[in-house]
Each structure stands twice: as C-alpha cells, then as structure tokens.
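Scroll down for the structure; my scribbles are underneath it.
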Protein chains: 2
Amino acid sequence: MTKKKDGYHHGDLRSALVKNGLKLVADTEDGDVGLREVARETGVSATAVYRHFPDKDAFLRALAGAGFEMLYDAQAKAAAGRAAKDEGFRAIGQAYVHFAIDHPPLFRLMSRYMPSADDFREGRLAKGNRAGRLLTDYLAELLPGEENESKRQVAAIQAIALVHGLAQLVLGGQIPKDRSLIDAAVDEFGSWHHES
Amino acid sequence: MTKKKDGYHHGDLRSALVKNGLKLVADTEDGDVGLREVARETGVSATAVYRHFPDKDAFLRALAGAGFEMLYDAQAKAAAGRAAKDEGFRAIGQAYVHFAIDHPPLFRLMSRYMPSADDFREGRLAKGNRAGRLLTDYLAELLPGEENESKRQVAAIQAIALVHGLAQLVLGGQIPKDRSLIDAAVDEFGSWHHES
DNA sequence: GGGCAAATGATAACAGTGTCAACATGAGTT
DNA sequence: AACTCATGTTGACACTGTTATCATTTGCCC
C-alpha cells in the first residue's frame, strides 16, 4: 500500500497505479504484472484501473513508457560532459546495457512494448522516442562523411542491434554479466567506425 | 485435431502435444500457448498434459527446444557448401535472423527459453546447444590468431549480440524487414574481423 | 447555494486459465 | 489370470482479464 488520500475518490489514481506497477514489476521475473495485483496494492478495486486504461495491454505500455523515460535520463546523464561525439556515443550505448542490467524485469517489459520504426516516423510517441533517438542521432553525427547513405544505415542498424542484443543476452544469461567485457564490446564497435 | 489413435490411451501423446503446440504457437503473437488449448486441439483432457510435463513452463521449454532443432538444421543447411570459414560464419549468422523472420512467434518463445551459458558449460542440454554452438565455433576458427584471448571473447560476444539483436529488433518492428539490409549488416561485421 | 451531468469509484458476474486430488482405464509382466 | 504401473479423465480451487450495472463524488451553471 502506498499513497492513499482516503475517501471515495483517489486524487491521482493513474500515476499511483503506474508507480505501484513499476514497483511490482521489479519483483517479477518476466516483467508481467496482473491488473488485480496492482489494484490490490494500490488499495483500490480491480476494475477501477479501467477508468484510466482501456485494458491490460495499455497499462503495461504505460509502465514501459515510464521505463523509457528512466532510460533516457540515464543515457543523457552518461553522455553529459563527453565532449567528443564518439565518446558520447559509446557512453549512451553502454548506458543502455547498464540500464538493462540494473532493471532486468522492467527492461524485459520495455522490450515487449518498444516503439516501432513506424511509431518514430509518424510521431505518435509520447516521449519514449527520445531514448531510441539518442543513439541514432549520435551515430548520425559520428558518421558524417560516409560514402553513401546505405552504409550509414547499415552502421546505425549494427549499433542498435549490438547494444540491444548485448542487453538481451546478458539478461538471458547467455553473456556473462561482466561490465568491463560489455563496455569493451561497445567501445571496440565505436572505434571501428571512428578510426577508419 | 490431428493424430488420434482412438482409444483411452493415445500412443504417443507427448510428441503429439509438441507438434500441436508448435502449430498453435505459430498462430499467436507472442509465442504463448495455453495448456488447455493444446490439450483441446489434441483431443485430450486438459490434465493429461501433466503426465508428460511437470508444468506449463516445462512444456513451453520443450516447444522452444524443438524450435532450436529447426534453427540448427537451417543453419547447417546454410553453411553447407561454404568452403571458406568466413563465408560459413556469415551464412549461419544470416540464417539466424532469417529464421526469426520466418517464424516470429516461435522465435520469441525460443528467446524466452534460450539455454544459458551455464547450461552450455555444464552440458545439461538435450540438443539445443548445437544451434548456439555453431556460431561461436565458426567464430573460433575464424579468429585463430587474435592477440589475446580476451579480444577473441569480445569478438564472439559482439557476433552473437549483433545477430540476436538484429533478429529481435526486426521482429519488434524497430528495424525494417529488409533481407538485403540485414545481410549487409552481418556481412560487414564478418569482413571487419577477417580483413584485419 | 441547489441541482445536474460527467468523471471516477465499487460490486457482481462470466469466461478462461494453471494446477491439484481423486478416480478410471488400459498395457505389460509374472 | 491377476496385479501393477503408466497413462488419461473428472471435478474442483484459486486466480486472472473483462464487462455490465450501480454508487459516489466533483465541478459547473443558474
């Protein structure tokens, strides 16, 4: 139980649900929480959730969105102070994996509700776009003079695939949770493109 | 309904459940099937499944295992005939992503039940190890004379992270389902390490 | 301030799920 | 032929997401 302004109406139930949802997600394995469970934790009836979210899917998407906000903050903080663009790129790439390691269930949830490329283009995003855009933006500045556009697109795809794959496989236990190893993997990728 | 040898006993229920399970998984979005659903499809009572699998988790793990067998076959076929080791490496890497594209829900299920590094080392795998081992084995032959062992480990991690990340992000819609683009991303990675 | 509509909450119920305990049936062995 | 054990069934329990219906409160208008 958290935050309850006693009385029939809650005051700000929606954000209370999200906050408790995030807390409960952290205690799960796969990042899935039940609506009834979070309602119970919030001290409210099960169906009250439906006044703020159309269904469970929408609620989990909201949780994932909050997670992307946290990720964006972490990446921004990691990149701050890095004057050199390539250092900034490596920093936010590593921050991506570190975030996954620090919040395994939340990251798994986020992976399931990650905005698609279409969501990006058509601007139908709240704010969760920023996390993903950071990486590709840095990469765009990092590779200004590539021969052709397609080569740059390939490099961008490699970058996000590498970083996302690292995070996914570390959480799955296929890659050792070794921070220096992970940082090395990201660093070397960055240097390939920068030193060439 | 498939395969039913009519009568109280089924004959080979376990494999029938797996077969129908795989079929049903293919029709889902996230690669999750209900035990009752597959039991219904197989024409058997819901609890009969428990005579062959301790719980739902074990059943889904069996489905994932069957998926890894399919993946291994696809990778072996892709690598066959490639004399050059680096070509073989690229082929199985691309086959990994192609498999994901061809079987989205199954691949998502497999991602959730992917054998961990510990499973590998301690040899507690049925046969699903082969799919993962293929990639790293090729990579080991590909990089015989790297300066130190740690550099080789970093390269191995980069390879599987790149390939797994590509698969994951294509299925999520973050990367366009463009086969030539994906092949280019894998090819270029292979050439980096080979030409150096 | 009184009254009313809309927003927000609660209750009851339905269909569906994973799982367990108890029982039924058939196959294989001696 | 009888017994045993693996295999399949029935019934039930606790739980879930979701809907329909009813209750309360807030905010606004006169």
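Because only heavy atoms are used, hydrogens play no part in the values below, and waters and symmetry mates are left out as well, while side chains stay in. Every chain is numbered from 1, with letters handed out A, B, ... down the list of sequences.
The side-chain heavy atoms of R51(A) and L13(A), taken from C-beta on, include no pair separated by under 4.5 Å.
Atom CG in L13(A) sits about 15 Å away from atom C1' in dT26(D), given to the nearest Å. Between the CG atom of D12(A) and the C1' atom of dG9(C) there is a distance of 15 Å, rounded to whole Å. Distance NZ (K56(A)) to P (dT17(C)): 14 Å, rounded to an integer number of Å. Taking atom CG of D32(A) as the reference point, atom P of dT17(C) lies 16 Å away to the nearest angstrom. Rounded to whole Å, the distance from CZ on R14(A) to C1' on dA7(C) is 15 Å. Here dT19(C) presents its C1' atom at 16 Å from CZ of F53(B), a figure rounded to the nearest Å. Rounding to whole angstrom units, CG of residue L17(A) and P of dG17(D) are separated by 13 Å. Rounded to whole Å, the distance from CG on D55(A) to C1' on dT16(D) is 14 Å.
Below the 3.5 angstrom threshold, one finds no donor paired with an acceptor across the side chain of T47(B) and the base of dT19(C). With hydrogens and angles left out, the side chain of R36(B) and the base of dG16(C) share no donor-acceptor pair within 3.5 Å.
OP1 or OP2 of dT16(D) lies within a sub-4.0 Å distance of a side-chain N or O belonging to R40(A). A close approach under 4.0 Å does occur between a side-chain nitrogen or oxygen of H52(A) and OP1 or OP2 of dG9(C). An OP1 or OP2 oxygen of dT19(D) is reached within less than 4.0 angstrom by no side-chain nitrogen or oxygen of Y50(A).
Taking the charged nitrogens against the carboxylate oxygens, D57(A) and R61(A) do have a contact shorter than 4.0 Å, which makes a salt bridge. Ionic pairing of K19(B) and D12(B) is not present here: no N-O contact between side-chain nitrogen and carboxylate oxygen is shorter than 4.0 angstrom.
A distance-only check finds a donor-acceptor pair linking the side chain of H98(B) to the backbone of Q94(B) [under 3.5 Å].
Applying the ring pair (Phe, Tyr, Trp, His ring centres under 6.0 Å) definition to pairs two or more places apart or across chains, those involving residues 16-59 of chain A are F53(A)-F59(A).
Each of R51(A) and V33(A) was assigned the nucleotide of DNA chain D with the nearest heavy atom; the assignment lying further toward the 5' end belongs to V33(A).
Looking at heavy-atom distances under 4.0 Å, A48(B) makes contact with a base.
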